[in-house]
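Step one of this worksheet: look at the structure below.
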Amino acid sequence: DGPAEEGGGADEVSPEAMSRALEECLLQAAKTRLKDKDLPMAGNAVYAQHMRPCRRAGSHIDVKASSFKKLVAFLSHCEESGWIALKRNSPEPIVTKIMRDHPDLREWK
């Protein structure tokens with residue numbers, strides 16, 4: 001994804017819709033790609049290697065275009081939602097656990 005995708009256009013997505021797309025990608029990645037044996041994993045690796053490939057065909061995800069603005073804010077939100085655990089007192093967000101028994105994850109299709 002390069003600068004060509006930035007800027008306005010017909011596919012302008014609201015920050016709320018982008019935030020929801022990020023949540024969907026995280027749930028999909030947690031369900032289908034992220035394995036417990038691969039954790040802990042840096043948040044940017046979760047985003048780049050696992051969430052981005054889970055985006056809907058023809059769409060893109062961009063945390064900067066979401067209401068979270070920063071990956072750490074999005075991952076903190078996911079932790080508050082009970083989906084993941086983050087390493088404490090780490091300068092970078094590091095996902096240490098996927099809460100696989102959370103209803104949102106169990107019911108994710």
I98, V72: one ILVMFWY side-chain cluster at the under-4.5 Å cut-off? no

Could you tell me which non-hydrogen atom of P93 sits nearest to which non-hydrogen atom of L75, and how far apart they are? CB-CD1, 3.7 Å

Under the rule for side chain to side chain contact (heavy atoms under 4.5 Å, CB included), what residues qualify as partners of [X], not counting sequence neighbours?
X: A29; value: L34, H50, M51, C54
X: K35; value: K37, D38
X: P40; value: I94, T96

Across all chains, not counting sequence neighbours, the side-chain hydrogen bond (donor to acceptor under 3.5 Å, both in side chains) partners of S59 are none

Which of parallel (below 30°), tilted (30 to 60°) and perpendicular (above 60°) describes F74 and F68? perpendicular

Scan the side chains in residues 42-49 for donor-acceptor partners under 3.5 Å anywhere in the protein, sequence neighbours excluded, and list what turns up.
| unit_1 | atom_1 | unit_2 | atom_2 | d |
| --- | --- | --- | --- | --- |
| Y47 | OH | I61 | O | 3.3 |
| Y47 | OH | V63 | N | 3.3 |

With sequence neighbours excluded, give me every salt bridge (Lys or Arg N to Asp or Glu O under 4.0 Å) pair touching [range].
range: residues 24-33; value: R20-E24, E24-R56
range: residues 67-78; value: none
range: residues 100-109; value: D36-R100
range: residues 71-99; value: E79-R88

Do S19 and S67 have side chains that approach each other closer than 4.5 Å (heavy atoms only, starting at C-beta)? yes

Nearest 0.5 Å, please: how far is [atom2] in [Y] from [atom1] in [X]?
X: H60; Y: C25; atom1: NE2; atom2: SG; value: 11.0 Å
X: W83; Y: L27; atom1: CH2; atom2: CG; value: 4.5 Å
X: Q28; Y: L105; atom1: CD; atom2: CG; value: 10.5 Å
X: L26; Y: C78; atom1: CG; atom2: SG; value: 4.5 Å
X: S81; Y: M99; atom1: OG; atom2: CE; value: 11.5 Å

